[in-house]
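Structure, as structure tokens:
Within every chain, numbering begins at 1; the chains are lettered A, B, ... in the order of the sequence lines, protein sequences first and strands thereafter.
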Protein chains: 2
Amino acid sequence: MKNELKSLIILFKAYHSIEKAVKHSLAHTGINVNEFTAMEALYVKGSLTTQELIDTVLIPNSSMTYVLERLNEKAYLVKNKKESDKRIQIIVLTALGTRVFEEIYEKHFSYMRSIFDVLDKEEEQQLHYLLKKIGKKSGDKE
Amino acid sequence: MKNELKSLIILFKAYHSIEKAVKHSLAHTGINVNEFTAMEALYVKGSLTTQELIDTVLIPNSSMTYVLERLNEKAYLVKNKKESDKRIQIIVLTALGTRVFEEIYEKHFSYMRSIFDVLDKEEEQQLHYLLKKIGKKSGDKE
DNA sequence: TGTTATTATTACGAATTAGTAATAATATGG
DNA sequence: CCATATTATTACTAATTCGTAATAATAACA
């Protein structure tokens, strides 16, 4: 077998390895990776619609519904119908959600940063460039 | 929020985007990503123990059991107890499994290669180097 | 040689993920 | 306006994933 999907294998390995580290970092925080990613997006953007969250977190709509339910149960976010288009919901972190996220983020940041710091600044930029390039190409093919 | 986990976010995005492409490529083949990865490892290595497969595919042991069950049901692989240590199973693809894998791989290869070909040879090597570096660092922290 | 520890694997059950259909609101084209 | 198409979201269900405990075989060593 021509092993020219080496890039794919290496990407999968690196990702799974990092994903494990993320899970480890989030263990005992009461939220999982998808929940964290959704909260992060909301924290950065201030507010997003469900559809925008789906496009950011890249999980299926039915999975996002589940994630939002969980976070809503924990009172970390609220959903508000948009007045001008009632099909749309605007999602916002609550004060509690924001506070909890900030606490979790601080530790998570240090932990993850200690991994990525194995790359120097230039290497990290190069990684961004390369990953964006294949991510974009891959998205284009959908 | 200091956005210095940009690398993490970009990696996640690129991965999920590629993962979608992989799923698309494997749709209608009757096997999913984990099943494909396990078969690929077996195809390349000839045979592996369950534990070796777990270390390759990087999923929990309980998940691997499920994957192996699925593939065994489809008669794509067989399990043989090792004589010298009966705790250990040696997993091998059947002739059917091998043939099916080759068929699937051929199409999958073209599809995935068309994505990674957006990188030139040098860029691809660089990507390998960078991903291995953070993958390794991340694994070390376990 | 008989505990005790370690390793490989499976069993079980709960949580999550995801595909598909349903619902509800809005847009569009006659 | 009305019928139809499109968009956003949820409901429902099946499949998968995963943590943890159980089992079974082997190793270690007093």
Item to check | Whole-Å gap separating P (C:dT16) and CZ (A:F36) | outcome: 17 Å
Next on the checklist: Donor-acceptor pair, distance only, cut-off 3.5 Å: does the side chain of B:T29 make one with the backbone of B:L26?
Outcome noted: yes
Checklist entry - Considering only C:dT16, D:dA15, C:dT10, which nucleotide approaches the side chain of B:Y66 most closely? => result D:dA15
Item to check | Between C1' of D:dT7 and CE of A:M64, the distance in whole Å | outcome: 17 Å
Checklist entry - Separation of A:L58 atom CG from C:dT17 atom C1', in whole Å? => result 15 Å
Item to check | Along DNA chain C (nearest heavy atom to each residue), the more 5'-positioned of A:R70 and B:Q89 | outcome: B:Q89
Next on the checklist: Rounding to an integer number of Å, can you tell me how far A:L26 CG sits from C:dT16 C1'?
Outcome noted: 15 Å
Checklist entry - Side-chain N or O of B:T65 less than 4.0 angstrom from OP1 or OP2 on C:dT9? => result no
Item to check | Short N-O contact, B:K74 and B:E35, less than 4.0 angstrom | outcome: yes
Checklist entry - Which comes earlier along DNA chain C counting from the 5' end, the contact point of A:V67 or that of B:I90, where each point is its nearest nucleotide? => result B:I90
Checklist entry - Are A:N34 and C:dT16 close enough that a side-chain N or O sits under 4.0 Å from OP1 or OP2? => result no
Item to check | Aromatic ring pairing A:F36/A:Y105, orientation class (parallel under 30°, perpendicular over 60°, tilted between) | outcome: parallel
Checklist entry - Within a strict 4.5 Å, meaning less than it, do heavy atoms of the B:L42 and B:L77 side chains meet? => result yes
Next on the checklist: Rounded to whole Å, please give me the gap between CD in B:Q51 and P in C:dT10.
Outcome noted: 11 Å
Checklist entry - A:I54 or A:E19: which one's nearest nucleotide on DNA chain D is closer to the 5' end? => result A:I54
Checklist entry - Does the ring center of B:F12 lie less than 6.0 Å from the ring center of A:Y15? => result yes
Checklist outcome for this item: Ranking C:dT10, C:dT16, D:dT17 by distance to the side chain of B:T50, first place goes to C:dT10
Item to check | Euclidean distance, atom CG of residue A:L53 to atom C1' of D:dA8 [Å, nearest integer] | outcome: 13 Å
Next on the checklist: Expressed as a whole number of angstroms, how long is the span from B:K20:NZ to C:dT17:P?
Outcome noted: 15 Å
Next on the checklist: I need a per-nucleotide contact map over nucleotides 19-28 of chain D, read 5' to 3'. Cutoff is protein heavy atoms under 4.0 Å; write B for the base, S for backbone only, - otherwise.
Outcome noted: BB----BS--
Item to check | A:R70 charged N/C atom sitting above A:Y66 aromatic ring, 6.0 Å / 45° | outcome: yes
Checklist outcome for this item: B:I88 atom CD1 is separated from C:dT6 atom C1', nearest whole Å, by 12 Å
Next on the checklist: Side chain of B:I59, heavy atoms from C-beta onward: which of D:dT17, D:dC18, D:dT9 has the nearest atom to it?
Outcome noted: D:dC18
Checklist entry - Is any side-chain heavy atom of B:K82 closer than 4.5 Å to a side-chain heavy atom of B:Q89? => result no
